[in-house]
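Below: one structure, written as structure tokens.
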Amino acid sequence: MGAKHQMTLRLPWRKWPKWAYAAAVNAALETLMLAFAGDGALPVPATALFLGAQAHPALARWPQVCGWQPLRPLAAAWDRAGLERLEQPAGRYPLVLVLPGKSRDETLAWFALARELLEPGGRLLVAMPNTAGAARFEKALANACGHVASIQKHKCRAFHGVEDGHWNEEVFAGWRTLGARRVIPDTHFAVEAGMFSVDHIDPGSALLADHLPANLRGEVADLGAGWGFLADAVLRRCPKVARIDLFEADARALACARANLAGHPQDIHFHWHDVCEGLAGCYDAIVMNPPFHTGQATNVDLGRAFLKAAVAALKRGGKLYLVANRQLAYEAVLEASGLVWHNAGEDKTYKLLFAERR
Ligand SMILES: C[S@@+](CC[C@H](N)C(=O)[O-])C[C@H]1O[C@@H](n2cnc3c(N)ncnc32)[C@H](O)[C@@H]1O
């Protein structure tokens with residue numbers, strides 16, 4: 001790694017730029033695959049399961065590896081590599097690979113899930129960047145398994161244990177509960193670990209919901225819909241909305257949104273979709289609180305890609321209602337879009353940008 005990488009890797013994980021995060025994620029995948037290369041290489045079994053699956057060229061030579069990946073862009077990359085993908089993790093395998101997401105609860109829940117999917121005597125192998133707490137998670141798994149072997153490379157750890165009938169099942173059972181669907185306190189909204197804003201309603205989204213006009217009508221889209229907060233606000237507030245389409249990359253969030261919107265009588269459609277690829281339909285109104293992170297790293301280009309997708313999908317007379325952190329520079333995209341737009345209000349953290357195709 002060059003000096004630029006070394007300098008950035010000393011930053012807290014949350015502050016990493018996009019390229020550094022991508023390098024770290026790839027580094028974790030590389031470290032995972034290192035376990036099967038060189039001296040002391042682990043045997044590649046006849047079949048394996050990969051939780052949080054990311055395509056790697058070496059996997060093309062494996063006899064059979066099934067992947068589970070809840071995030072649409074990564075799942076699409078896995079599919080493009082010609083690998084087999086499961087919609088839900090199921091079955092029993094002699095080897096389960098785990099490349100965890102970013103939240104602690106999600107990571108431990110995935111350890112428990114991997115354990116459930118192991119054949120007796122099977123091997124559980126995890127890889128994580130050091131900055132994501134790899135040493136801490138390795139210790140936790142070692143406590144549950146009795147012993148794990150570890151590889152340290154690329155500022156990541158890959159650690160693995162073999163099920164020998166003596167693993168601490170109570171620890172795994174506790175971790176399993178961390179992945180269970182739960183309700184955000186004082187609301188009726190169902191969430192699961194790992195998705196956006198699982199402990200509270202996002203204050204930016206709440207600000208937008210408070211400022212949505214009640215006269216939205218026709219066909220509406222919610223881009224990056226998460227577990228459905230903004231769509232719920234639209235459906236409650238705007239009786240003339242006939243149909244709403246939710247677009248979301250995280251399959252688990254979309255499943256929660258389906259549950260959270262079940263009581264509404266309107267026509268609701270759920271799309272597991274990468275918004276950066278654009279939308280097939282056209283809309284009278286679009287609401288969004290666009291993502292601006294890839295993993296933990298800020299990625300304003302992701303938000304800008306959302307804006308471009310929204311601009312392209314507005315009908316004539318169609319309106320865009322967007323909330324964003326104040327420091328995110330989306331105005332230039334709106335300016336270049338040909339839409340008429342204005343700042344509809346802000347507080348100390350968020351701004352509301354409303355636009356119309358005239
Ligand atoms: C800031 S959150 C807003 C969630 C929800 N609208 C709310 O207000 O609570 C952005 C959402 O965009 C989703 N997302 C990220 N990248 C995406 C992509 N490429 N395509 C679709 N959704 C994406 C994230 O999973 C997340 O749920």
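Just so you know, these numbers come straight off a predicted model, no measurement behind them. One-based numbering, in listed order, for ligands and for the atoms of each.
- Nearest residue to atom 25 (O) of ligand 1 from M288, R72, E248 is E248 (criterion: closest heavy atom).
- Regarding atom 20 (N) of ligand 1, its nearest protein heavy-atom neighbour is V275 N, 2.9 Å.
- Around atom 7 (C) of ligand 1, the closest heavy atom drawn from A251, G226, S205 belongs to S205.
- Between R85 and E87 there is a salt bridge, since at least one side-chain N of the basic residue sits less than 4.0 Å from a carboxylate O of the acidic one.
- Salt-bridge annotation for D274 and R72: absent, with no side-chain N of the basic residue lying under 4.0 Å from a carboxylate O of the acidic one.
- Some N or O of D274 is nearer than 3.5 Å to an N or O of ligand 1, by distance alone.
- Side-chain contact, N260 with D232: no donor N or O sits under 3.5 Å from an acceptor N or O.
- In terms of hydrophobic clustering, with Ile, Leu, Val, Met, Phe, Trp and Tyr side chains grouped at heavy-atom distances under 4.5 Å, Y350 and I201 are assigned to a common cluster.
- Salt bridge annotation for R252-E192: absent, with no cationic side-chain nitrogen under 4.0 angstrom from a carboxylate oxygen.
- A donor and an acceptor atom, one from each side chain of E335 and W341, are located under 3.5 Å apart.
- Atoms of ligand 1 found under 4.0 Å from any heavy atom of N289 (numbered from 1 in listed order, with element): 1 (C), 2 (S), 3 (C), 10 (C).
- Proximity annotation for atom 16 (N) of ligand 1: of A225, G224, P291, P291 comes nearest, heavy atoms only.
- Here is the list of ligand 1 atoms found below 4.0 Å of a heavy atom in H273: 20 (N), 21 (C).
- Using a 4.0 angstrom heavy-atom cutoff, F306 counts as in contact with ligand 1.
- For D199 and R182, the salt-bridge test passes: some basic side-chain N is under 4.0 Å from an acidic carboxylate O.
- At least one N or O atom of A249, backbone or side chain, sits closer than 3.5 Å to an N or O atom of ligand 1.
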